[in-house]
Amino acid sequence: MKSKIRATVVLFSVLFLLMACGGENKPVREAGKNENVAQEDTAAGINEASRNYNDSRVKADNPLSDLTSEELQKRLGVLPIEKDEPPQVSWGGPFTDEVLNRKIENAPRHAQLSQLRAKSDASGTAKVIIGLNLPFTPKGMLTESAQVAQVEAIANAKNGILKALAGHNVQNVKILSYIPYMAMSVDSAALDALAANPQVSVIEEDTPVPPTLLESIPLIKADTAWSSGYTGAGQTVAILDTGVDKTHYMLDAGKVVSEACYSTTYAPYSSTSVCPGGVNSTASGSGVDCNAKFPDAPGECHHGTHVAGIAAGSDASRSGVAKNANIIAIQVFSRFEKSFCGSTKPCAMSYTSDFILGLQRVYALRSTYNIAAANLSLGGGRYYGNCDASQSATKAAIDNLRSVGIATVISSGNGYYKDSMGAPACISTAVSVGATNDVSNTVDAYSNSASFLSLLAPGSWINSAVPGGGLANWSGTSMAAPHVTGAWALKKQQSPAASVAEVLSNLQSTGVSVTDTNGIAKKRIKLDTASSQPPPPVVPPRPDGTSPIYRFWSAVHTHHFFTMSAEERDYIIATWPNVWSYERVSYYAHSNAVAGTSPLYRFWSDPYQGHFFTSSEAERNYFLSMPHLWTYERIAYYVYNYQAPGSSAVYRFWSDLYKGYFYTISASEKDYVIATWPNVWSYQGIAFYAMP
């Protein structure tokens, strides 16, 4: 039925465009010349009340701005998600029936309590991460004043928890400043006090996890990207690992621009900090490889240098993926004695709280460096679905980075699992990476594979740097993840404003499909995809200070997309020629706030695979209250909420068929849509005013 309607839409749309454009010679897209579904304006599911919403309900001098929350719910038809089982959707991934039907794990409030009590009884204390019973929004989605207020609320709540624990055996307290979590070691009495405290929402174990252990560059076509001028220049990648030998010839000449060390001494687990002086540090030299702390286990801390070389190493004879990118070296591992490792020698593992501190350091440096991605080639455990509930502290740290455009790339693990993966790669907002063989282009047997895996990259027999100036061939998903981290730097150099979802979608849509032995096909990254679309005409800003709003159509998503950014426009044309077709300038708006204008807010929805625009503060606030459905991105541009001199109304439609909004400044287009497609498009009224 949908295909028949779409075919009708195509026929009528072609006729309309010929009339509206005065016979302009434009290429006709195959599916959906209706020019009516706005990729930038997709909204939540609209019910019958919204479909009946008409022009008379909207004040022409204050469009969509006086609605209460209750009116918004009625008119937008946003159905509340069941509180106990919200649908768990991978942020930025494909929206499939499997994803839609997958439910977030519904663990009890303190599911690990009995296990933690047993550990504290046996060893005297247990290491825990506790979550506070506070609302939390990733910082990049908040205004500056709201960020300050949230951080203050978190700090006050943490002080309250510590006061409540006075008199208990509490040690090794780690304050995770940006998220409502904190880590500590506690005895059984303190553990019970935390469990009884209504301000504590969750108690997780602070678990130590290990690293996840002929050339790959030509295979993923990174060398082709270099020849096009994309080498990672101006970008920085963060390597959270066992430290980096910044004197290695592949990593010297100032490539390491910042360092930090987070490590833990904890006697019950026989762990010792490897940071200088045993103290966490952000000083120069703190992020070097930890081999000096392992004289009885040579090579235990080679891992971080090898990973850094793959992501961003550079030399005349060999280079990593983003050869001109810089590196933030963050050492997050601790030394564990052989009795705890179950081995004949000591081992390096990372506490969850330490790599969360590392992720927070990356966030703190976001304004100092153009950080494309943070790499975590570590993990453990086995999860058959997204593990957001059991890894909630790590997810909050990842979400903070994602909200400011920084990806967290994590290896899927080497457990030979074909239906699951390790943590923290199982977190829905992480970019999880499995490994392929760079000779046969098959998924390696050791690589954890699952339906919710994000990407594949070469991981077997990868030759890269090791401390002391040497090279080594290593295999593992640890080697696959930094290929993606380096690729992220190339993509961000090409389009600095691209969101994590946009870069991930690009890598997935342009990659090579590889099917695992379990029948699951995923995309192995490939970086040489070029555009076949002609460049759009150059349209300079107009004398009134307004800039053009560019319009695209996607037959894949059956949506339109609007952007003021010429850089974003060119990025879409260059990287998604088979997904998006550039159409024309739709209208004009202001890039900055001028007298009388209001911001137009831009949201993205994974479930609906599209964007939504609104100039209504009430509408914006309502959508901010649904973070499981909508992600606030940024202010798109500035428009009028009244008919300013020279401006025209921008009309808004909703389609149940396409699950999206359509905006047009053309009155004739509005009338044509109303008359021709009453069963496809429902007119909602004037959304805002812009310049024609």
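The figures that follow rest on heavy atoms only: side chains count, while hydrogens, waters and symmetry mates do not.
- Donor-acceptor pairing under 3.5 Å is lacking for the side chains of Ser666 and Thr664.
- Taking 4.5 Å as the limit, some side-chain heavy atom of Tyr588 sits within range of a side-chain heavy atom of Pro548.
- With respect to the salt-bridge test (charged N to carboxylate O, under 4.0 angstrom), the residues Glu583 and Arg569 do not qualify.
- Put simply, OG1 on Thr429 and CG on Asp399 are 4.0 Å apart, with the number rounded to the nearest 0.5 Å.
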Inset, instruction - Show your reasoning for whether side chain to side chain contact (heavy atoms under 4.5 Å, CB included) applies to Glu567 and Tyr571. - result: CA-CA 6 Å; Glu567 182 178 66; Tyr571 174 75; 5.7 Å; no
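- Pairing each heavy atom of Ala374 with each of Ile406, the nearest pair is N-CG2, 4.3 Å.
- In this structure, Arg652 pairs ionically with Glu619, as a charged nitrogen and a carboxylate oxygen lie closer than 4.0 Å.
- Side-chain contact between Val650 and Ile686 is absent, with no heavy atoms from C-beta onward closer than 4.5 Å.
- Counting heavy atoms from C-beta outward, Leu240 and Leu359 have side chains that approach closer than 4.5 Å.
- Taking the six-membered ring where the residue is Trp, Phe603 and Phe623 present tilted rings, their angle falling between 30° and 60°.
- The two atoms that bring Gly140 and Ser403 nearest to each other are N-OG, 2.8 Å, heavy atoms only.
- The main-chain N or O of Met182 is never found under 3.5 Å from a side-chain atom of Lys158 such that the two would form a donor-acceptor pair.
- Figure legend: Arg584 and Tyr550 shown without cation-pi pairing, the cationic atom not lying both under 6.0 angstrom from the six-membered ring centre and within 45 degrees of its axis.
- Judged purely by atom type and a 3.5 angstrom limit, Thr485 has no side-chain atom pairing as donor or acceptor with the backbone of Ala373.
- In this structure, the ring of Tyr663 has its center less than 6.0 angstrom from the ring center of Phe688.
- Of all the heavy atoms in Leu504 and Ser454, the pair that sits closest is CD1-CB, 4.2 Å.
- Contact between Trp681 and Gly660 at its shortest, heavy atoms only, is CZ3-O, 3.7 Å.
- Rounding to the nearest 0.5 angstrom, the gap separating the CH2 atom in Trp488 from the CG atom in Leu455 is 6.5 Å.
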Legend entry - Working for side chain to side chain contact (heavy atoms under 4.5 Å, CB included), residues Ser499 and Glu633: CA-CA 8 Å; Ser499 68; Glu633 291 190 333; 4.3 Å; yes
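- Between the side chain of Asn400 and the main chain of Lys139, a donor-acceptor pair closer than 3.5 Å is present.
- In this structure, Tyr683 and Tyr651 have tilted ring planes: the angle between them lies in the 30° to 60° band.
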Legend entry - Test side chain to side chain contact (heavy atoms under 4.5 Å, CB included) applied to Val484 and Ile525, step by step: CA-CA 7 Å; Val484 173; Ile525 59 170; 4.2 Å; yes
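- Side-chain contact between Arg620 and Pro599 is absent, with no heavy atoms from C-beta onward closer than 4.5 Å.
- Using a 4.0 Å cut-off between a side-chain N of Lys or Arg and a carboxylate O of Asp or Glu, Glu669 and Arg551 qualify as a salt bridge.
- Side-chain atoms of Asp544 come within 3.5 Å of backbone atoms of Thr546 as a donor-acceptor pair (strictly under, hydrogens ignored).
- Applying the side chain to side chain donor-acceptor pair (under 3.5 Å) test to Asn506 and every residue at least two apart in sequence or in another chain returns Lys491.
- Of the N and O atoms on the side chains of Gln235 and Tyr369, not one donor lies less than 3.5 Å from an acceptor on the other residue.
- Looking at Ser547 and His590, their side chains never come closer than 4.5 Å, going by heavy atoms from C-beta outward.
- Tyr637 and Phe613 have perpendicular rings, their planes meeting at more than 60° on a 0 to 90° scale where under 30° would count as parallel.
- Checked by atom type and distance alone, the side chain of Ser655 pairs as donor or acceptor with a backbone atom of Val680 at under 3.5 Å.
- The minimum heavy-atom distance between Tyr632 and Arg634, with the atom names listed, is OH-C, 3.3 Å.
- A donor-acceptor contact under 3.5 angstrom links the side chains of Asn324 and Thr231, judged on distance only.
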Inset, instruction - Before giving the answer on side chain to side chain contact (heavy atoms under 4.5 Å, CB included), spell out for Gln360 and Leu176 the whole-Å C-alpha distance, their side-chain angles and the decisive distance to 0.1 Å. - result: CA-CA 8 Å; Gln360 291 204 149; Leu176 309 176; 3.8 Å; yes
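- In this structure, the side chain of Gln493 engages the main chain of Gly229 through a donor-acceptor pair within 3.5 Å.
- To the nearest 0.5 angstrom, Ile330 atom CD1 is 7.0 Å from Ser258 atom OG.
- The two residues Tyr689 and Val639 have their closest heavy-atom pair at O-CB, 3.5 Å.
- With rounding to the nearest 0.5 Å, the separation of CH2 in Trp604 from CZ in Arg602 is 9.5 Å.
- Between the side chains of Ser392 and Tyr181, at least one donor-acceptor pair of N or O atoms lies under 3.5 Å.
- Ser505 contributes no side-chain N or O that, together with a main-chain N or O of Glu502, makes up a donor-acceptor pair within less than 3.5 Å.
- Residues Phe562 and Ser586 form a side-chain contact, since some pair of their non-hydrogen atoms from C-beta on lies under 4.5 Å apart.
- Taken to the nearest 0.5 Å, the CG atom of Asn375 stands 12.5 Å off from the CD1 atom of Ile328.
- Ring pair Phe653/Tyr661: centre-to-centre distance not below 6.0 Å.
- Annotation: side chain to side chain donor-acceptor pair (under 3.5 Å) contacts of Thr236 (sequence neighbours excluded): none.
- Between atom OG of residue Ser428 and atom CD of residue Gln391 there is a gap of 12.0 Å, rounded to the nearest 0.5 Å.
- Leu600 places none of its side-chain heavy atoms less than 4.5 Å from the side chain of Thr614.
- Ile665 is not listed as a side-chain neighbour of Met691, based on a closest heavy-atom distance of 4.5 Å or more.
- Here side chain to side chain donor-acceptor pair (under 3.5 Å) pairs that include residues 140-153, with residues two or more places apart or in two chains, are Thr143-Ser145.
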